[in-house]
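To start, the structure under review is shown below, and the notes come after it.
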Amino acid sequence: MAEIRLRPFEPADSEALSAWYGHDPQGLEALMGTPLPDPIGCTLAFNAILQHHQEGRSIFLMAVCDDRAIGCVIVSDLSPEWDKGRPHIYIVPDERRHSFAVARAGEQMARQLGIQHFMISVDPKNRRSLLFAKRLGYTDIPHLILRKELSAWVQNSRSP
């Protein structure tokens with residue numbers, strides 16, 4: 001079986017990130033949760049994640065299989081105590097057979113850092129992601145998320 005490991009981002013990994021965008025922009029948009037209209041937008045999104053990592057607000061690690069960068073693991077929304085976070089994984093399409101191994105490596109890394117709880121959100125229409133999360137042991141919680149659309153308006157004075 002192939003060895004999966006997580007390691008810090010290295011400058012040479014920029015080429016891998018660009019290649020991933022070239023082959024799978026939709027997958028990276030799903031990872032980022034925002035449209036990535038071009039390679040520059042993708043680079044800016046990764047730069048923001050790396051900045052958050054340097055500031056201690058997130059974790060960003062490359063997933064490597066036999067010395068090939070096959071994806072990444074991100075833990076965002078870290079609590080100030082670093083005991084809770086929101087995990088994200090991306091695996092290049094040709095390596096998705098390693099998705100569970102990468103996810104488990106990310107969970108092990110999180111445990112070693114003292115993270116005790118992960119919370120994810122999955123679009124219920126995305127059956128593959130939902131099944132993947134359930135196979136990893138995520139369970140439904142009785143929680144309703146509400147949203148309110150605020151209309152844009154212009155005020156002469158910016159003060160409340």
(request) Assess the side chains of S76 and H88: does a donor N or O sit below 3.5 Å from an acceptor N or O? (result) yes
(message) For residues L113 and I89: do they belong to one hydrophobic cluster (side chain heavy atoms under 4.5 Å, members Ile, Leu, Val, Met, Phe, Trp, Tyr)?
(response) yes
(message) Less than 4.5 Å apart, side chain to side chain, heavy atoms only: is that true for L17 and F9?
(response) yes
(message) Just verifying a value: how many Å separate E3 CD and D66 CG, rounded to the nearest 0.5 Å?
(response) 7.0 Å
(message) One thing to verify: whether D77 and K84 come together as a salt bridge, which I'm taking to mean a side-chain N less than 4.0 angstrom from a carboxylate O.
(response) no
(message) Can you confirm whether C72 sits close enough to L31 that some side-chain heavy atom of one is under 4.5 Å from a side-chain heavy atom of the other?
(response) yes
(request) Indicate, with yes or no, if L28 and L50 share a hydrophobic cluster defined by side-chain heavy-atom contacts under 4.5 Å among Ile, Leu, Val, Met, Phe, Trp and Tyr. (result) yes
(message) So, taking the atom named CG in L131 and the one named CG in L136, what distance separates them when rounded to the nearest 0.5 Å?
(response) 11.0 Å
(message) Are P87 and E107 packed together at the side-chain level, in the sense that at least one heavy-atom pair is separated by less than 4.5 angstrom?
(response) no
(message) Would you say that more than 12 heavy atoms from the other residues, nucleotides or ligands in this model lie under 6.0 Å from the CG of D123, or not?
(response) yes
(message) For a 4.5 angstrom cut-off between non-hydrogen side-chain atoms, does Q108 reach L6?
(response) no
(message) Could you check whether any side-chain N or O of R97 sits under 3.5 Å from a backbone N or O of D94, counting only pairs where one atom can act as donor and the other as acceptor?
(response) yes
(request) Mind checking the OG-CZ spacing from S121 to R86? Nearest 0.5 Å is all I need. (result) 3.5 Å
(message) Main chain of L36, side chain of E29: is a donor-acceptor contact present, judged purely on distance under 3.5 Å?
(response) yes
(message) Within the structure provided, determine whether I70 and H98 are in side-chain contact (heavy-atom separation under 4.5 Å).
(response) yes
(request) With rounding to the nearest 0.5 Å, note down the distance linking CG in L61 to CD1 in I74. (result) 9.5 Å
(request) Mind telling me whether F46 and F60 have parallel, tilted or perpendicular rings, with 30° and 60° as the class edges? (result) perpendicular
(request) Hey, could you give me the CG/NE2 distance between L78 and H52, rounded to the nearest 0.5 Å? (result) 11.5 Å
(message) Under a 4.0 Å threshold between the charged nitrogen and the carboxylate oxygen, would R96 count as salt-bridged to D24?
(response) yes
(message) Same cluster or not: L130 versus I120, using hydrophobic residues (I, L, V, M, F, W, Y) connected whenever any side-chain heavy atoms lie under 4.5 Å apart?
(response) yes
(message) Measuring only between side-chain heavy atoms, which start at C-beta, is V75 closer than 4.5 Å to F118?
(response) yes
(request) Mind listing the closest non-hydrogen atom pair of Y21 and P37 along with its distance? (result) OH-C, 3.3 Å
(request) Not counting sequence neighbours, list each pair that qualifies as a salt bridge (charged side-chain N to carboxylate O under 4.0 Å, His left out) and has a residue in residues 4-22. (result) R5-D67, R7-E10, R7-D13
(request) Enter the distance from H23:NE2 to S18:OG here, rounded to the nearest 0.5 Å. (result) 10.5 Å
(message) Through direct or indirect side-chain contacts below 4.5 angstrom among Ile, Leu, Val, Met, Phe, Trp and Tyr, which residues connect to I141?
(response) M119
(request) Look only at the side chain of W82 and the backbone of G56, and say whether a donor-acceptor pair between them is shorter than 3.5 Å. (result) yes
(request) Using a 4.5 Å cut-off on heavy atoms from C-beta on, say whether the side chain of I59 contacts that of I115. (result) yes
(message) Looking at every heavy atom in both P8 and M62, which two are closest together, and how far apart are they?
(response) O-CG, 4.4 Å
(request) Kindly indicate whether the side chain of E95, heavy atoms from C-beta on, has any atom under 4.5 Å from the side chain of V102. (result) no
